[in-house]
Number of protein chains: 2
Amino acid sequence: MSLVRLIVLGIVALDGEAHGYAVRRKVGEWRVDSWTRVQPGSIYHALKQLARDGRLRALAAEESAEGPDRVRYRLTEVGRAEFVERLEAALGSFDIEALGVGVAFMDALPKKRVAALLDDQMQRARANVAHLRALRTETPEEGQAPHTGDLLDLWIGNLDATTRWVEGIRTRLGPA
Amino acid sequence: MSLVRLIVLGIVALDGEAHGYAVRRKVGEWRVDSWTRVQPGSIYHALKQLARDGRLRALAAEESAEGPDRVRYRLTEVGRAEFVERLEAALGSFDIEALGVGVAFMDALPKKRVAALLDDQMQRARANVAHLRALRTETPEEGQAPHTGDLLDLWIGNLDATTRWVEGIRTRLGPA
DNA sequence: GAGGTGCTAGTCAAGTTTGACTAGGAGGGC
DNA sequence: GCCCTCCTAGTCAAACTTGACTAGCACCTC
């Protein structure tokens with residue numbers, strides 16, 4: 001899951017820069033833990049990878065009045081591009097966690113863009129639900145998983161609930 | 001995610017033994033990929049860890065008529081105990097993937113036990129939904145995540161859909 | 001002023017996951 | 001026979017995640 005990467009990019013993007021502990025704190029303050037688990041280690045790891053990949057630039061370690069020195073990171077242009085790319089992908093995803101993170105950061109994109117992405121997401125989601133329903137009523141093939149029908153129902157139900165939620169968000173954005 | 005561990009244990013438990021490729025194939029045949037992604041590497045890794053931990057015993061490599069030699073694994077008593085433990089945990093989980101895997105293998109437990117686990121799951125899930133709804137209507141605190149209300153709605157909607165699904169499974173099992 | 005507590009800031013080893021890669025064997029086409 | 005393809009069976013390095021751990025600093029208490 002490179003959701004962590006998106007989350008870190010998104011938080012750094014808010015102010016253009018941040019140090020690791022600030023990101024970590026923000027992840028804690030927001031109840032990010034409700035929608036996706038992000039451990040401190042993952043955050044620092046992501047920061048390092050992003051810095052290595054030129055998405056963030058590590059500034060010189062600065063002194064802190066309240067504790068050890070800390071490293072501040074600044075978002076680069078490439079970093080912003082990756083943020084947008086990942087954010088758009090998240091807003092088109094069927095994965096509930098990705099979708100949640102996408103919506104959390106959606107204000108970083110133009111409204112029209114978000115609307116288009118969500119329209120697309122909904123269309124594909126509905127097609128997917130239809131496909132799963134079709135599978136559901138098919139005569140069971142050989143060698144299927146036990147309780148395949150139930151499992152399909154689980155996915156259909158959740159996809160459906162998610163789609164209704166997306167619909168709500170989309171409606172609020174107003175007509176395209 | 002040690003869901004892979006549960007899946008591998010569950011598949012090996014079906015016949016008491018299996019070799020890696022057979023597990024991999026079964027994961028492919030079943031549309032396990034709909035409910036959870038399991039890569040080949042993870043399967044072989046899990047098999048090795050399970051063998052190291054005494055949950056499986058690796059039998060001598062046997063020749064195969066259709067390809068390279070293969071290693072067959074047999075479930076041990078300790079392994080079966082871990083299987084049951086993980087299965088029960090999965091059936092009490094709120095995580096949709098875990099729950100799906102749990103239901104896929106639920107026939108390995110006595111019906112009554114499954115009924116009790118699902119009853120418990122539903123009770124906790126309803127409490128959780130109530131709690132989230134309460135959070136939802138709370139006056140927003142300082143420093144909340146952007147779109148916190150929406151994110152809560154997403155979780156409430158999905159948890160709710162999942163709970164209705166569990167209810168269906170539970171009902172079918174008959175009265176406790 | 002020594003020690004305890006709690007927040008700040010981050011490191012690290014162990015475990016897990018991913019996706020690409022290797023390599024054996026069977027069968028078909030030419 | 002030789003090559004190509006596809007299935008069988010698994011390995012491996014790189015990346016990612018986890019949870020426990022270290023260490024600086026301030027404040028309080030005794």
Side-chain angles (χ1 to χ4, degrees), chain A residues 1-9 11-12 17-29 32-33 35-53 55-56 58-73 82 86 95 97-98 101 143, chain B residues 1-9 11-12 17-29 32-33 35-53 55-56 58-73 82 86 95 97-98 101 143:
Chain A
M1 202 115 56
S2 46
L3 258 194
V4 175
R5 204 161 157 123
L6 172 55
I7 292 172
V8 169
L9 280 171
I11 292 181
V12 175
E17 50 178 70
H19 55 88
Y21 191 66
V23 174
R24 177 181 174 176
R25 276 258 309 271
K26 207 142 247 178
V27 165
E29 269 174 39
V32 175
D33 54 307
W35 17 295
T36 198
R37 264 152 290 276
V38 182
Q39 247 55 34
S42 300
I43 293 171
Y44 288 108
H45 173 72
L47 284 169
K48 282 192 178 155
Q49 294 304 94
L50 286 166
R52 188 202 59 184
D53 299 345
R55 269 60 177 170
L56 300 177
L59 309 182
E62 61 186 32
E63 291 179 14
S64 159
E66 308 115 339
D69 295 357
R70 58 197 175 193
V71 179
R72 180 172 293 276
Y73 294 89
E82 176 171 334
R86 284 190 186 275
D95 182 284
E97 297 195 358
V101 174
Chain B
M1 203 116 53
S2 46
L3 258 194
V4 175
R5 205 161 157 123
L6 172 55
I7 292 172
V8 170
L9 281 170
I11 291 182
V12 175
E17 52 179 69
H19 54 88
Y21 191 66
V23 173
R24 179 181 173 175
R25 276 259 309 274
K26 207 142 248 180
V27 165
E29 268 174 41
V32 175
D33 53 308
W35 15 296
T36 198
R37 264 152 290 275
V38 182
Q39 247 56 34
S42 300
I43 293 171
Y44 288 108
H45 173 72
L47 284 169
K48 283 193 176 155
Q49 295 303 94
L50 286 167
R52 187 202 59 186
D53 299 346
R55 269 60 177 171
L56 300 177
L59 309 181
E62 61 186 32
E63 291 179 14
S64 158
E66 309 115 338
D69 295 356
R70 59 195 176 194
V71 179
R72 180 171 293 277
Y73 295 89
E82 177 171 333
R86 285 189 186 276
D95 182 282
E97 298 197 357
V101 173

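Every chain is numbered from 1, with letters handed out A, B, ... down the list of sequences. Just so we're clear, the structure is a prediction, and the values are computed from it rather than from any experiment.
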Just verifying a value: how many Å separate [X] [atom1] and [Y] [atom2], rounded to the nearest 0.5 Å?
{"X": "B:L47", "Y": "B:L56", "atom1": "CG", "atom2": "CG", "result": "6.5 Å"}
{"X": "B:I43", "Y": "B:I7", "atom1": "CD1", "atom2": "CD1", "result": "8.0 Å"}
{"X": "B:R24", "Y": "B:E29", "atom1": "CZ", "atom2": "CD", "result": "13.0 Å"}

Tell me whether the OP1 or OP2 atom of [N] has a side-chain N or O from [X] closer than 4.0 Å.
{"X": "A:S64", "N": "D:dG24", "answer": "no"}
{"X": "A:Q39", "N": "D:dG19", "answer": "yes"}
{"X": "B:H45", "N": "C:dT16", "answer": "yes"}

Residues at least two apart in sequence or cross-chain that pass salt bridge (charged side-chain N to carboxylate O under 4.0 Å, His left out) with A:E62, listed by chain then number, are A:R70, A:R72

Partners meeting salt bridge (charged side-chain N to carboxylate O under 4.0 Å, His left out) with A:R55 (sequence neighbours left out): A:E82

To the nearest Å, how far apart are [X] [atom1] and [N] [atom2]?
{"X": "A:D53", "N": "D:dA15", "atom1": "CG", "atom2": "C1'", "answer": "11 Å"}
{"X": "B:E29", "N": "D:dT8", "atom1": "CD", "atom2": "P", "answer": "10 Å"}
{"X": "A:R5", "N": "C:dT17", "atom1": "CZ", "atom2": "P", "answer": "21 Å"}
{"X": "B:L50", "N": "C:dT16", "atom1": "CG", "atom2": "C1'", "answer": "13 Å"}
{"X": "B:I43", "N": "D:dT8", "atom1": "CD1", "atom2": "P", "answer": "14 Å"}
{"X": "B:E66", "N": "D:dA9", "atom1": "CD", "atom2": "C1'", "answer": "11 Å"}
{"X": "B:R25", "N": "D:dA9", "atom1": "CZ", "atom2": "P", "answer": "8 Å"}
{"X": "A:R37", "N": "C:dT17", "atom1": "CZ", "atom2": "P", "answer": "15 Å"}

I want to confirm an ordering. Mapping A:G67 and A:R52 to their closest nucleotides on DNA chain D, which one lands closer to the 5' end?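 Its nearest nucleotide lies further toward 5', so the answer is A:R52.
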
Where the side chain of A:Q49 is defined as all heavy atoms beyond and including C-beta, which of C:dA9, D:dA15, D:dT8 is the nearest nucleotide? D:dA15

Side chain to side chain donor-acceptor pair (under 3.5 Å): which pairs involve residues 41-53 of chain A, sequence neighbours left out?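 For residues 41-53 of chain A, and leaving out neighbouring residues, the side chain to side chain donor-acceptor pair (under 3.5 Å) pairs sorted by first residue read A:R5-A:D53.
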
Nucleotides 10-12 of chain C: which of its N/O atoms have a protein N/O under 3.5 Å away?
residue: C:dG10; atom: OP1; partner: A:V71; partner atom: N; Å: 2.5
residue: C:dG10; atom: OP2; partner: A:G20; partner atom: N; Å: 3.4
residue: C:dG10; atom: OP2; partner: A:Y21; partner atom: N; Å: 3.2
residue: C:dG10; atom: N7; partner: A:R24; partner atom: NH1; Å: 2.8
residue: C:dT11; atom: OP2; partner: A:K48; partner atom: NZ; Å: 3.2

At 4.0 Å (heavy atoms only), tell me whether B:A46 reaches a base, stays on the sugar-phosphate, or touches nothing.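 Result for B:A46 = nothing.
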
Could you tell me which residues satisfy side-chain contact (heavy atoms from CB on, under 4.5 Å) with B:A22, sequence neighbours excluded, listed by chain and number? B:H19

